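Here it is, the structure, as structure tokens.
Counting starts at 1 for both ligands and their atoms, in listed order. Position 1 is the first residue of the sequence; numbering continues from there. Values below: all heavy atoms of this structure, side chains included; hydrogens, waters and symmetry mates excluded. All figures in this text were calculated on a predicted structure; none of them were measured in a lab.
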Amino acid sequence: MIRLVLLGGPGSGKGTQADILKQKYQLVKLSTGDLLRKETEKNTDLGKEARSYMDKGELVPDAVMIGILRKITAGFESKGQGYILDGFPRTVPQAEALLKMLEKQDVELSMALLIDVPEEELVRRLTSRWTCRECSATVSFPDGKPEDAKCPKCGGELYQREDDKEATILKRLNVYKENTAPLIGFFRERGLLERVDGNAVPGTVSERIQDLFEKKGIK
Ligand code: AMP
């Protein structure tokens with residue numbers, strides 16, 4: 001069973017690659033960002049709490065996130081369903097909690113895959129990114145969004161995430177460097193880190209990932 005963590009800065013293509021991988025390897029994707037956005041739209045207690053952090057580009061507290069993850073992955077494990085974590089872990093305490101949880105379940109993480117993209121490219125991508133309100137797909141409009149543009153996947157309405165606006169993007173990149181980038185060393189020390197060059201179009205990055213999977217014997 002595949003248990004995969006995707007690492008990379010905001011805008012590195014984790015969500016897009018997770019969508020490709022989930023089709024190819026029959027996995028489910030758990031995107032903690034998508035999950036929290038759905039909760040904020042429904043205005044649940046969790047959503048209300050999360051929004052105050054998300055709109056500012058800050059991280060939701062570890063205890064909240066770890067609780068969510070534990071509940072959902074236990075469900076995957078009981079069904080023998082392989083999964084991809086997109087956006088979790090975001091901090092070293094979250095990573096420690098994840099490995100501890102897997103150890104308790106007597107299972108192992110397949111790998112933590114870093115999608116490596118230079119910072120200037122992340123900023124360029126995020127400022128031109130629009131998100132589908134229906135299916136969460138993202139679309140890039142480097143020259144501005146045409147007024148009547150709709151989601152190419154489902155025809156849904158496109159919107160710009162509150163945290164994809166310029167001031168918040170800089171904050172998120174700083175949060176990434178401070179809290180999330182240390183995870184690269186964390187997983188490397190444990191022999192779990194793999195890296196792909198993510199500075200290319202999605203199809204090319206996806207081929208690189210599939211080559212890596214083949215090399216590692218992941219099917
Ligand atoms: P994302 O869609 O992955 O870019 O996540 C959007 C926002 O959701 C982040 O900027 C955080 O505020 C929050 N978030 C998502 N995943 C986590 C996590 N694992 N830990 C803390 N906050 C998170």
Would you call Arg133 and Glu41 a salt bridge, taking side-chain N to carboxylate O under 4.0 Å as the test?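 Salt bridge present between Arg133 and Glu41.
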What residue and heavy atom of the protein are closest to atom 19 (N) of ligand 1, and at what distance?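 Sorting protein heavy atoms by distance from atom 19 (N) of ligand 1 puts Gly87 O, 2.9 Å first.
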Hey, can you tell me if Tyr25 and Phe213 have their rings parallel, tilted or perpendicular (30° and 60° cut-offs)?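 Tyr25 and Phe213: tilted rings.
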Please work out whether any backbone atom (N, CA, C, O) or any side-chain heavy atom from C-beta onward of Arg161 is under 4.0 Å from ligand 1, and answer side chain, backbone, both or neither.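 It is the side chain that touches ligand 1; the backbone stays farther off.
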Does the Ser110 side chain pair with the main chain of Ile2, one donor and one acceptor, at a distance under 3.5 Å?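 No: the side chain of Ser110 does not pair with the backbone of Ile2.
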Does ligand 1 come near enough to Tyr53 that some N or O of the ligand is less than 3.5 Å from an N or O of the residue?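 So ligand 1 has no N or O lying under 3.5 Å from an N or O of Tyr53.
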Are Glu103 and Lys100 ion-paired here, with the side-chain N under 4.0 Å from a carboxylate O?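 Salt bridge absent between Glu103 and Lys100.
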Which of the ligand 1 atoms, numbered from 1, are nearer than 4.0 Å to a heavy atom of Gln94: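 Answer for ligand 1: 18 (C), 19 (N), 20 (N), 21 (C).
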Positive for side chain to side chain contact (heavy atoms under 4.5 Å, CB included) with Ile84, one of Gln17, Lys22, Arg3, Lys14: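 When side chain to side chain contact (heavy atoms under 4.5 Å, CB included) is applied between Ile84 and each of Gln17, Lys22, Arg3, Lys14, only Lys22 qualifies.
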With heavy atoms of Phe88 as the reference, note each atom of ligand 1 found under 4.0 Å away.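 With Phe88 as reference, the close atoms of ligand 1 come out as 19 (N).
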Non-hydrogen side-chain atoms of Cys135 and Cys151 separated by less than 4.5 Å: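 Yes, their side chains come closer than 4.5 Å.
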Heavy-atom pairs closer than 4.0 Å: do any link ligand 1 to the side chain of Met54, the backbone, both, or neither?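 For Met54, the contact with ligand 1 is made by both the backbone and the side chain.
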With heavy atoms of Arg172 as the reference, note each atom of ligand 1 found under 4.0 Å away.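 Listed by number with element, the hits are 4 (O).
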If you measure from the Lys or Arg side-chain nitrogens to the Asp or Glu carboxylate oxygens, is any gap between Asp163 and Lys171 under 4.0 Å?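 Salt bridge between Asp163 and Lys171, a charged N being under 4.0 Å from a carboxylate O: no.
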Can you list the atoms of ligand 1 that are under 4.0 Å from a heavy atom of Met65?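 So the answer, numbered in order with elements, is 17 (C), 18 (C), 19 (N), 20 (N), 21 (C).
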Nearest to atom 11 (C) of ligand 1, what protein heavy atom do you find, and at what distance?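 The answer is Glu58 O, 3.5 Å.
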How far is atom 16 (N) of ligand 1 from its nearest protein heavy atom, and which residue and atom is that?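 For atom 16 (N) of ligand 1, the nearest protein heavy atom is Thr32 OG1, 2.8 Å.
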Nearest protein heavy-atom contact for atom 18 (C) of ligand 1: which residue, which atom, what distance?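 Here the nearest protein heavy atom works out to Arg90 CG, 3.3 Å.
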What protein heavy atom sits nearest atom 22 (N) of ligand 1, and how far off is it?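 Here the nearest protein heavy atom works out to Val60 N, 3.0 Å.
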Glu119 with Lys177: basic N within carboxylate O range, under 4.0 Å: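 Looking at Glu119 and Lys177, the cut-off is met.
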Using modelled atom types and a 3.5 Å cut-off, is there a donor and acceptor pairing between side-chain atoms of Thr131 and backbone atoms of Gln160?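 Absent.
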In terms of residue, atom name and distance, what is the protein heavy atom nearest to atom 23 (C) of ligand 1?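 In this structure, atom 23 (C) of ligand 1 has Leu36 CD1, 4.1 Å as its nearest protein heavy atom.
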Short list, please: which atoms of ligand 1 are under 4.0 Å from a heavy atom of Arg37?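 Listed by number with element, the hits are 2 (O), 6 (C).
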